[in-house]
Amino acid sequence: MLRDVVSPLTYHYQTWQQTVLELEALSKTYKTGDQALTNVSFSVPAGQVVGLIGPSGAGKSSLIRCINRLVEPSSGRIYLGETELTKLSGRALRQARRRIGMIFQEYALVERLTVMENVLSGRLGYVSGWRSFLRRYPKTDIDQAFSLLERVGLGDHYNKRADELSGGQRQRVGIARALEQNPELLLADEPTASLDPKTSRQIMRLIQSVCREMNLPAIINIHDVVLAQNFADRIIGLQAGEVVFDGPPSALTHDVLTRIYGAEDWGQVQQNNESQDDEALFSNAKVLERS
Ligand SMILES: Nc1ncnc2c1ncn2[C@@H]1O[C@H](COP(=O)(O)OP(=O)(O)O)[C@@H](O)[C@H]1O
Ligand SMILES: [Mg+2]
């Protein structure tokens with residue numbers, strides 16, 4: 001079995017403390033019969049940035065959605081701190097979701113609202129952002145939103161409409177909005193998939209540095225292996241719904257990548273990276289060197 005040959009499958013994080021998220025034997029089978037996740041177990045400590053990699057259809061989005069319960073797990077348990085998320089429903093579930101910040105591939109901003117209004121909508125939880133239009137916010141929320149906008153490099157843009165911004169700027173708003181929730185955990189589903197390579201690196205670097213500053217753990221779905229390697233503290237590789245690699249970026253050898261992606265697909269990933277630009281090419285060379 002794959003599990004036996006990939007090394008190191010179990011990576012011990014002595015330097016990391018205080019578990020924030022714990023998944024126990026999480027499985028998901030959709031009504032269609034598609035088995036998206038099989039027995040996924042891992043825990044994420046405070047401040048750790050996890051890059052979740054794997055080919056299309058591996059179950060990355062399903063995993064993220066099970067954690068915030070936008071998808072109902074078929075079995076298994078999920079704990080956020082002391083709270084068992086898998087037991088919650090209704091109001092308790094909505095409250096727990098507010099403890100999880102979400103960053104989306106397509107930003108999910110309200111286009112005709114200002115940057116500031118979009119960030120403030122984070123106070124309401126990401127499911128009902130549009131309602132911010134009708135709300136008033138306390139000064140402390142507004143002060144926090146200003147300082148977050150400053151932090152993500154948009155201090156001067158607070159009053160612009162979201163639809164006036166570039167893709168990279170929109171994602172910065174998305175990050176600020178997630179942080180405005182004061183989340184205990186950050187989830188991101190392909191946050192750079194709509195961005196060019198250079199902007200992608202800037203966004204990943206921003207997520208990585210705010211996570212460090214705030215001791216905030218994150219799970220970032222990312223199909224770009226080189227980006228994941230450069231900006232994650234830990235890589236989890238999914239293949240057909242199973243964890244087939246869990247370890248430091250430095251242990252992601254060519255061999256392991258071929259096992260996660262299959263020889264053909266991984267060849268494709270390499271080609272894409274080589275065509276990006278010099279920096280990507282350079283990091284890609286490092287990947288090959290390590291193997
Ligand atoms: N809403 C859904 N209904 C049925 N099957 C789904 C649904 N969403 C995803 N799947 C299936 O679950 C598997 C994992 O998909 P997904 O989590 O989207 O993977 P990834 O994000 O890694 O591309 C795939 O086989 C996909 O077809
Ligand atoms: Mg996906």
Side-chain angles (χ1 to χ4, degrees), residues 2-3 6 9 21 23-42 44 49-78 85-86 93 97 100-108 126-127 167 170-171 174-175 178 185-195 197 200 203-204 207 218-229 231-232 234-247 249 252 256-270 272-273:
L2 209 46
R3 230 162 245 279
V6 176
L9 184 68
L21 178 75
L23 307 185
E24 281 180 13
L26 190 69
S27 294
K28 172 65 187 176
T29 306
Y30 288 100
K31 286 195 187 104
T32 52
D34 289 277
Q35 178 141 18
L37 298 169
T38 308
N39 245 328
V40 172
S41 300
F42 62 82
V44 182
V49 176
V50 177
L52 188 62
I53 65 168
S56 181
K60 304 182 297 297
S61 296
S62 298
L63 183 54
I64 291 270
R65 290 185 198 140
C66 279
I67 294 170
N68 62 26
R69 292 277 310 277
L70 292 176
V71 157
E72 207 48 51
S74 306
S75 61
R77 291 201 177 97
I78 303 170
L85 295 180
T86 28
L93 177 58
R97 275 196 188 124
I100 304 175
M102 203 42 203
I103 299 171
F104 302 89
Q105 176 182 335
E106 300 288 351
Y107 327 119
Y126 57 88
V127 281
R170 280 173 203 221
Q171 197 54 297
I175 293 166
L185 170 71
L186 210 51
L187 299 176
D189 199 351
E190 305 274 0
T192 64
S194 305
L195 302 172
S200 296
I203 291 295
M204 284 300 292
I207 295 174
I219 300 179
I220 306 176
N221 281 356
I222 189 158
H223 67 257
D224 184 326
V225 173
V226 173
L227 263 189
Q229 264 202 314
F231 297 104
R234 171 186 180 186
I235 303 285
I236 293 180
L238 274 186
Q239 195 218 44
E242 286 190 78
V243 174
V244 295
F245 175 83
D246 184 353
L252 255 193
V256 170
L257 287 165
T258 305
R259 289 198 178 105
I260 298 172
Y261 286 91
E264 224 171 281
D265 290 348
W266 168 229
Q268 190 61 44
V269 172
Q270 282 177 289
N272 289 345
N273 284 326

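All ligand and atom numbering here is 1-based and tracks the order in the structure. None of the values given here were measured: they were computed from a predicted structure.
A donor-acceptor contact closer than 3.5 angstrom is absent between the side chains of Tyr30 and Ser74. Judged purely by distance below 3.5 Å, without hydrogens or angles, the side chains of Ser27 and Asn39 never pair a donor atom with an acceptor atom.
A distance of 10.5 Å separates CD in Glu24 from CD1 in Ile78, rounded to the nearest 0.5 Å. Within the model, atoms CD1 of Ile222 and CG of Asp224 stand 5.5 Å from one another, a figure rounded to the nearest 0.5 Å. One finds the OG atom of Ser61 at 11.5 Å from the CG atom of Leu70 (value rounded to the nearest 0.5 Å).
With hydrogens left out, the protein atom closest to atom 9 (C) of ligand 1 is Tyr30 CE1, 3.5 Å, a heavy atom. With hydrogens left out, the protein atom closest to atom 18 (O) of ligand 1 is Ser61 CB, 3.9 Å, a heavy atom. Counting only heavy atoms of the protein, atom 16 (P) of ligand 1 lies nearest to Ser62 OG, 3.7 Å. The protein heavy-atom contact nearest to atom 14 (C) of ligand 1 is Gly57 O, 3.3 Å. Ranking protein heavy atoms by distance to atom 19 (O) of ligand 1, first place goes to Gly59 N, 3.1 Å.
Cys66 and Lys28 get closest at one heavy-atom pair: SG-CB, 4.2 Å. When every heavy atom of Glu190 is checked against every heavy atom of Lys60, the shortest pair comes out as OE2-CE, 3.6 Å. The nearest pair of heavy atoms linking Leu186 to Ala178 is CD1-CB, 3.8 Å. Across Thr86 and Pro73, no two heavy atoms sit closer than the pair CG2-CG, 4.0 Å.
Near the Mg ion (ligand 2), less than 2.8 Å away, sit the protein N, O or S atoms Ser61 OG.
In this structure, atom 4 (C) of ligand 1 has protein heavy atoms in its sub-4.0 angstrom surroundings.
For Gly54, the heavy-atom gap to ligand 1 stays at 4.0 angstrom or more. Using a 4.0 Å heavy-atom cutoff, Gly241 is absent from the residues neighbouring ligand 1.
Using a 4.5 Å heavy-atom threshold, the side chains of Glu72 and Arg69 count as touching.
The contact set between ligand 1 and Pro55, taken as ligand atoms under 4.0 Å from a residue heavy atom, comprises 22 (O). Residue Ala36 approaches ligand 1 through these ligand atoms, each under 4.0 Å from one of its heavy atoms: 12 (O), 13 (C), 14 (C).
Residue nearest to atom 25 (O) of ligand 1, selected from Asp34, Leu238, Ile64: Asp34 (by heavy-atom distance).
Checking side-chain atoms of Arg97 against main-chain N and O of Asn68 turns up a donor-acceptor pair under 3.5 Å.
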